[in-house]
Q: 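This is the structure, below, for whatever I ask next.
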Amino acid sequence: MDKRPNWDFQEAQDPRVRAVMRRVPRHLFVSENQRALAYENVALPISCGQTISQPFIVAFMTEQLQPQPSDHILEIGCGSGYQAAVLSELVAQVFSIEIDPVLAREARDRLKGLGYKNVTVRTGDGFEGWPEEAPFDAIIVTAAAGKIPAPLVEQLRNGGKMVIPVGPPTEPQILTLVEKTGTSVITRPLLSVRFVPFRRESEM
Ligand code: SAH
């Protein structure tokens with residue numbers, strides 16, 4: 001099944017996000033033997049024991065960032081590149097960090113092959129963010145962190161938003177919205193979620 005079905009994705013409030021979700025070919029981001037399930041609202045395995053999130057979660061996290069056409073966005077956990085592709089259709093630039101070099105290479109090739117020109121993928125530990133490209137209008141973390149990494153808060157511009165699953169790897173985590181305003185950082189719990197754990201470079 002190389003051709004995508006006519007996907008009537010309804011699970012986003014923002015019509016722009018709904019339109020992008022219907023357009024990005026999710027079946028080309030999952031392994032070949034999972035393609036039949038690509039347009040179901042389920043998380044699916046990708047290479048290297050990692051997971052591509054359920055479409056509802058991708059749309060929900062995207063909406064929390066309130067992406068604007070001029071935005072520069074940082075993603076931690078590129079995985080298949082699917083979330084980066086969705087964001088890239090809504091903003092000016094996406095910078096995505098992936099700790100696994102195999103996944104990073106696959107995602108870079110896939111995004112290039114599909115014509116996504118405004119996504120830059122780098123191999124590395126996302127805990128430190130991407131200081132050379134900071135500040136970011138928004139940051140999205142797609143692996144579960146025990147705590148909110150301080151360098152990421154630092155690299156968020158004033159008024160910027162970050163969405164990140166926070167909690168232990170073995171239990172549901174709390175998807176958290178972080179808003180930076182002036183000198184204060186406000187965190188708001190959004191949803192209970194299950195993400196693969198954030199790994200550190202020292203553990204690789
Ligand atoms: N957003 C992805 C799915 C992410 S799965 C998609 O749309 O397909 C979580 C990813 O985070 C995995 O690929 C994992 O290798 C990566 N990851 C885990 N710890 C990381 C870290 N410290 N820095 C960067 N990436 C990390």
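In listed order, ligands and their atoms are each counted from 1.
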Q: Could you tell me if N41 and E11 have a donor-acceptor pair between their side chains, going purely by distance under 3.5 Å?
A: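 The answer is yes; a qualifying pair exists.
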Q: Please identify each residue that fulfils ring-ring contact (aromatic ring centres under 6.0 Å, His included) with F60, with sequence neighbours left out.
A: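 By the ring-ring contact (aromatic ring centres under 6.0 Å, His included) rule, F60 matches F56.
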Q: Evaluate the criterion salt bridge (charged side-chain N to carboxylate O under 4.0 Å, His left out) for residue pair R199 and D125; output intermediate values, then yes/no.
A: CA-CA 8 Å; R199 289 173 290 161; D125 184 346; over 6 Å; no
Q: Could you pull out all residues at least two apart from A12 that satisfy side-chain contact (heavy atoms from CB on, under 4.5 Å)?
A: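 With neighbours one apart ignored, the set is F9, V17, R18, A59, E63.
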Q: Every pair of nitrogen or oxygen atoms between ligand 1 and the protein that is under 3.5 angstrom apart - can you list them with their distances to 0.1 Å?
A:
residue: ligand 1; atom: 1 (N); partner: E75; partner atom: OE2; Å: 3.1
residue: ligand 1; atom: 1 (N); partner: G77; partner atom: O; Å: 2.9
residue: ligand 1; atom: 1 (N); partner: T142; partner atom: OG1; Å: 3.1
residue: ligand 1; atom: 7 (O); partner: Q83; partner atom: N; Å: 3.0
residue: ligand 1; atom: 8 (O); partner: S80; partner atom: N; Å: 3.0
residue: ligand 1; atom: 8 (O); partner: S80; partner atom: OG; Å: 2.6
residue: ligand 1; atom: 13 (O); partner: E98; partner atom: OE1; Å: 2.7
residue: ligand 1; atom: 13 (O); partner: E98; partner atom: OE2; Å: 3.3
residue: ligand 1; atom: 15 (O); partner: E98; partner atom: OE2; Å: 2.6
residue: ligand 1; atom: 15 (O); partner: R199; partner atom: NH2; Å: 2.6
residue: ligand 1; atom: 19 (N); partner: R199; partner atom: N; Å: 2.8
residue: ligand 1; atom: 22 (N); partner: D125; partner atom: OD1; Å: 2.9
residue: ligand 1; atom: 22 (N); partner: R199; partner atom: O; Å: 2.5
residue: ligand 1; atom: 23 (N); partner: G126; partner atom: N; Å: 2.8
residue: ligand 1; atom: 25 (N); partner: I99; partner atom: N; Å: 3.2

Q: Classify the ring geometry of F29 against Y82: parallel below 30°, tilted from 30° to 60°, perpendicular beyond 60°.
A: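 Rings of F29 and Y82: perpendicular, over 60°.
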Q: Counting only pairs under 3.5 Å, give me each side-chain donor-acceptor contact of residues 106-115, with atom names and distances, residues two or more places apart or in other chains.
A:
residue: E106; atom: OE1; partner: S47; partner atom: OG; Å: 2.8
residue: R108; atom: NE; partner: V121; partner atom: O; Å: 3.3
residue: R108; atom: NH2; partner: V121; partner atom: O; Å: 3.1
residue: R110; atom: NE; partner: L28; partner atom: O; Å: 3.0
residue: R110; atom: NH1; partner: S80; partner atom: O; Å: 2.7

